[in-house]
Amino acid sequence: MEPNFREIAQKWQKAWKTSGIYKTSIDSTRPKYYVLDMFPYPSGAGLHVGHPLGYIASDIVSRYKRLKGFNVLHPMGFDAFGLPAEQYAIQTGRHPADTTAENIARYKEQLDNIGFCYDWSREVNTSDPKYYKWTQWIFLQLFKSWFNLETQKAESIQSLIAKFESGGSAATKGACGEHEAFSASQWKEFSETKQREILMQYRLAYQDYSTVNWCEALGTVLANDEVKDGFSERGGHPVEKRRMRQWFLRITAYAERLLNDLDGLDWTDSMKEMQRNWIGRSEGAMVRFDLSPNPSPQERGASQTVLVQEPQSPYHHAIPEVWNALISKAKEMRSNMTPSEKLLWEELRGGRSGLKFRRQHIIDRFIVDFVCLSAGIVVEVDGEIHNDQKEHDEGRTVELNRNGFQVIRFTNEEVNSDLHSVVEQIIFACAQRKLYNEIDFIQLAKEDEEGYSATPLSNSQNSTETPPSPRGEGPGERSDKADLNSTDSILPSNHHNSSSTPPSPRGEGLGERYIEVFTTRPDTIFGVDFLTLAPEHELVAEITTDAQRAEVEAYVNTAKNRSERERMADVKRISGVFTGAFAKHPFTGNPIPVWVGDYVLAGYGTGAVMAVPAGDQRDWDFAKHFNIPITEILVDIDISEAANPTKDAILKNSGFLDGLTGYQGIRKAIEEIEKAGIGAGKVNYRLRDAGFSRQRYWGEPFPIVYREGAAFELEEGQLPLELPVMEDFRPTGQPESPLAKAGDWLEAPEGKRETDTMPGYAGSSWYFLRYMDANNDETFVGKEAEAYWQDVDLYIGGTEHAVGHLLYSRFWQKVLFDLGHVTTHEPFRKLINQGMILGRSNFVYRVGGDNKYLSADLLKSHPELKTSALHVDVNMVKNDILDQEAFRNWRPEFAGAEFITNSEGNYVCGVEVEKMSKSKYNVVNPDDIISEYGADTLRLYEMFLGPLEQYKPWNTNGIEGVYRFFKKLWNLFYNDQGGLKLTNDAPTENELRTLHKTIRKVEEDIERFSFNTSVSTFMICVNELHELKCNKKAILKDFLIVLSPYAPHIAEELWSACGETSSIINASYPAWNEAFIKESSVMYPVAFNGKTRFQITVPADMPQAEVQAIALANEESQKWLNGAAPKKVIVVPGRMVNIVM
RNA sequence: GCCCGGAUGGUGGAACUGGUAGACACGCAGGACUUAAAAUCCUGUGAUCAUUGCGAUCGUGCGGGUUCGAUUCCCGCUCCGGGUACCA
């Protein structure tokens, strides 16, 4: 008789429901165990076979822990607010409340079919006002608190107000935005609006203007993790940046705690690592670089007169005879400029670049292509460069250098292909040169050193691209000038005594402006060759010189308008522009050019970096691209091809850091930076405050009203603030919420309502707490319930929530903990990530344009046939063999399909593993499996598929094996006629051994979440009991208990067949007895040099020496030893014997 | 690029602290039962060689190393999967 597993499942599901056996309550006599699944988002598509994988695992643990005597909390609910539900509703033209309710009903039905032991009386639904009342309440707790940096805890905003009243803004340190300083009396005089404005800077839930991801198509802003490569994760619509007033949660205040507390969690390393990366802690230093004053026109004039004899005798050294020849030649050249020269001249002529250039100008005995006399820069454009030409050029360069000119060379190709960059470099070189000139002037005057003309560029390889540094120490030469003493002597004196006055946050000091950078490599500070600002950096406009203004503005505008996507797309492209400004190196006093580049992100650190080409590849690339000279600071490291970012290289040319490794240098450098009062060691985080506003309809409304522009919270008694029912809830297409159209609702007696709604993660950040006391109307979770259930012992869900949900939940929990509302500071003790179940797509191969299909196993033998692969519904395929009739009936166009089958007459389908999706026809619905094989088979088979955490394709092929197992089990209880064949006989030793081995193994497996191996243990047990022809109740009943977490329905059915009247769910897990498992004799494999040759069987308690003797005495041993004496014999007790020859 | 994980028969996978590699299952082949099929049961199934038999050799992505002994530990690679990124 065939058992009907489907009917059995339905029967017991009904019985359990009626008896309310899954209802859980607080029971202080038993230890608690809280097993939680990540609750699903009820989409319209329903569950596929991949969804229940984690649920099955958690259900097994729940039932097992219950058998073990724990009071188990195992709830389920629905994450029902959010964008997808709204999108789905808009698509179907219905209200999200209706579609959500339907989807939930469908999900529940599907879940119940699988036989989960959820206590549905604790169901939560985040879109239910009874639930979101408390989401709003928690938001108010965040709104009404601030983070005290001194105690590293959240406190009530009242304590902050008290501190302001007594000591003004200086009285305390809290995590906050920017605001002015004020005294206690000033505070008291502030208007309420003003006070609220300041408090807003401290609240854990606060408002701020910020750039957000605005998605035109979805009509809403998106969280960073909802944006992938500049497109919305859902729908793939383009996303752009907009500046809007938004709600934020001050999660950054908790960065350190969120990071440190990871250590105590039983999560996978990769999961913790993802959170660590997201928090992105990096240690380093803040360093300020004072800005040199921009040269005024007068100063420029001064420098000109000193350094270049201009304009009186620009043609110096030219003797009359040569002069006449040169001048006619120059005229000729002017009228016959090469196309590249013409191109460049168009950019340089008439002072367009802010500098005056002359063309085909005579200097000494040369005619140079272009020259900027005020800066002393010669620009040469060459054709193809041959070797002898190169030599000639070098000679010419040296002579021009001698005359005080710096030569920059470009090839025709460079000018033609990247004119912009060429012009850029020229302007940069001129500006830099001008500043050097000034400094030289000052230094020369002061120190009475050798004159400028005696500072030639001697390094002929790169001299054309290398401007002289202030006192003549070009790269790789004159190192005697770069020693500690000389750098000390030019340290600005104010740096030595300014440590008592902390720098203001930005470069707005009195009379002195500076750029503050964050660096993780303060040890490389002597290798700083330039600074780079993010295009959005606030100092950009201020410091840019007039000459560079047009270009910088153009660059900044382009960068701003470039969407995220475009910026991502050409990460490789290096772009930037020189501001014309210079900063002063804090230790050497060298001028450091300030650039703008979009490789620097405004949102990280200070939005400015100190660029060290020697140690950072991006800086290196930037320097090479713009011909910025690179300072070498690493001993014996070649940086001609790439930067060296390692910290173990020895530093040189680095003043007080010389001779130290990077590791040592970091500490020393921070020390010196702090001593000099130009900065301090600093820990920086990548984590940003969490955007908490959404311009959508289907979310929690904020319990906030506005009066005179200030935000006021609603009273607790006014919650929930229900979402108004609206006919038209579609996005407005403007960056404002659909709720802006809500008419009367907007006008509250207390003021004007906030129209944004909360994001999807609001409700899911605390749902695990609500389950503990889901029906409490007085509070979000009762004190008693919270104290009993505390936290989640086991949390199972996908890795996709690694940083979003899991981080926000931890943050909320910590805030609630600080405020005294919960007793634990981490919500999820152990976390397991189930791997995704992938689809296994099947294909048919259509021949040409015909309605004819070639079997996949014949593809190779028929290379002459051109075929195209078509996805075919996997539900028409069994063991990769197509149901031909079903295919013909699938769609009208396949009705007359002809099949070229293999020799057995089968049509074999092709196979590919892909994500499960409707469009690939590879979705398997658990309901179909259940109606064919029953719920237990589905449960057991999903577990049998492989390790829980592993990604694996769904393959229905193996399910028969599990089904056979159940039939085999059934046959231990029933004979062919359907009669029970159970006996009450005493079990034999063998039967007991089989049983107790199984009890032990399954227990061990569940404890380490190795569910797939318990399934094979069940199979082994049933196979053995079959062999033993065991139908003894004493054995089978215990086996059923062990099996019941995996296969509750069949276990319950057979349990009652044994005459039990109470449910197996309430049974106790049997204890295994070592005495039954112990074998009286042990089989030892005997190996020679590690290779197993034969086996011996000896009594289990035989001493090692005797085992060794027996092994050696064996005649097989004699054969393998071949007369030789063994060198060594190793006996591993109970394991094996190894004889070394 | 960086971080994490992985690679074992025709397939999914097992081997938990280094100790008989391939448990359990699928598939396949052969057999029993049956008029036949399904279901069920039995046998075999890593590769190569030898097959009359005893068997032998190789084998856990590749190359080294440690060890009496390595799928397991170490070093260096290859490939695959996931995460993440101009993060200074």
Side-chain angles (χ1 to χ4, degrees), chain A residues 2 268-274 276-278 280-282 284 517-521 524 531-532 534 567-568 570-574 597-601 603-612 615-619 621-622 645 684-687 799-800 802-803 833 835-836 879-880 911 941 944-947 949-962 964-965 967-968 971 976 1001 1004-1005 1007-1008 1010 1012-1021 1023 1026 1083-1095 1126-1141:
Chain A
E2 280 277 294
T268 60
D269 287 341
S270 68
M271 216 60 180
K272 291 190 195 178
E273 199 59 26
M274 275 189 233
R276 286 196 190 104
N277 288 341
W278 192 258
R281 182 184 200 272
S282 50
V517 302
F518 174 74
T519 176
T520 56
R521 296 295 305 276
T524 62
L531 300 182
T532 314
R567 245 165 122 157
M568 304 283 281
D570 43 37
V571 160
K572 289 274 176 302
R573 219 195 77 199
I574 296 162
D598 68 357
Y599 80 101
V600 177
L601 305 177
Y604 183 76
T606 61
V609 302
M610 57 175 232
V612 183
D616 183 286
Q617 192 54 45
R618 287 158 305 158
D619 296 342
D621 291 338
F622 197 87
N684 199 40
Y685 297 95
R686 194 184 81 109
L687 186 70
T799 49
E800 66 272 22
V803 286
N833 305 109
M836 197 191 295
N879 289 343
D880 296 330
V911 176
Y941 183 59
F944 192 48
L945 230 39
E949 296 95 330
Q950 199 164 296
Y951 276 57
K952 53 215 165 217
W954 175 264
N955 184 348
T956 314
N957 292 356
I959 202 163
E960 292 286 343
V962 171
R964 274 175 212 150
F965 157 77
K967 284 195 282 191
K968 219 164 167 180
N971 290 333
D976 293 348
K1001 179 75 163 79
E1004 285 169 359
D1005 285 347
E1007 295 287 352
R1008 65 190 172 100
S1010 174
N1012 55 327
T1013 50
S1014 356
V1015 178
S1016 50
T1017 306
F1018 293 138
M1019 290 173 170
I1020 291 166
C1021 183
N1023 287 346
H1026 240 275
M1083 191 271 291
Y1084 278 88
V1086 179
F1088 290 80
N1089 289 338
K1091 276 181 191 166
T1092 307
R1093 296 302 180 181
F1094 64 96
Q1095 283 131 17
K1127 276 189 197 143
K1128 197 173 173 186
V1129 180
I1130 289 147
V1131 180
V1132 186
R1135 288 286 193 182
M1136 58 115 52
V1137 178
N1138 191 18
I1139 297 167
V1140 188
M1141 298 190 295

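Letters A, B, ... are given to chains in the order of the sequence lines, protein chains preceding strands, and every chain is numbered from 1.
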* To do: Can you label the angle between the Tyr941(A) ring and the Trp954(A) ring as parallel, tilted or perpendicular, going by 30° and 60°?
  => perpendicular
Length of the [atom1]-[atom2] vector between [X] and [N], whole Å:
X          : N       : atom1 : atom2 : answer
Ile1139(A) : rG69(B) : CD1   : P     : 15 Å
Met836(A)  : rG83(B) : CE    : P     : 8 Å
Asn1138(A) : rU67(B) : CG    : P     : 15 Å
Glu960(A)  : rA38(B) : CD    : C1'   : 11 Å
Arg1093(A) : rA56(B) : CZ    : C1'   : 9 Å

Considering only [options], which nucleotide approaches the side chain of [X] most closely?
X          : options                   : answer
Gln1095(A) : rU20(B), rC16(B), rA56(B) : rU20(B)
Val1140(A) : rC24(B), rC68(B), rG19(B) : rC68(B)
Lys952(A)  : rC41(B), rG13(B), rC87(B) : rG13(B)
Pro947(A)  : rG19(B), rA56(B), rG13(B) : rG13(B)
Arg964(A)  : rA88(B), rG27(B), rC24(B) : rG27(B)

Could you check whether [X] gets within reach of a base, just the sugar-phosphate, or nothing at all, counting any heavy atom under 4.0 Å?
X          : answer
Arg281(A)  : nothing
Asp619(A)  : nothing
Ile1130(A) : base
Lys967(A)  : sugar-phosphate
Phe965(A)  : nothing
Met271(A)  : nothing

* **Thr799(A) and Asn833(A) side chains, donor-acceptor separation under 3.5 Å** => no
* Are side-chain N/O atoms of Lys968(A) and Asn1023(A) paired as donor and acceptor at under 3.5 Å? -> yes
Looking only at atom [atom1], what distance separates [N] and [M], rounded to whole Å?
N       : M       : atom1 : result
rU78(B) : rA23(B) : C1'   : 30 Å
rC4(B)  : rU20(B) : P     : 31 Å
rG10(B) : rU17(B) : P     : 28 Å
rG30(B) : rA38(B) : P     : 13 Å

* Asked: For Gln950(A) and rG13(B), is the shortest distance between a side-chain N/O and OP1 or OP2 below 4.0 Å?
  -> yes
* Does the side chain of Arg521(A) come within less than 4.5 Å of Val612(A)'s, by heavy atoms? -> no
* Structure fact -> On RNA chain B, more 5' by nearest nucleotide between Asn684(A) and Val1132(A) is Val1132(A)
* To do: By nearest nucleotide on RNA chain B, pick out whichever of Thr799(A) and Lys1001(A) is the more 5' one.
  => Lys1001(A)
* Is the glycosidic angle of rG9(B) within 90° of 0, making it syn, or outside that range, making it anti? -> syn
* Nearest heavy-atom neighbours spanning Ala1087(A) and Met1136(A) -> CB-CE, 4.0 Å
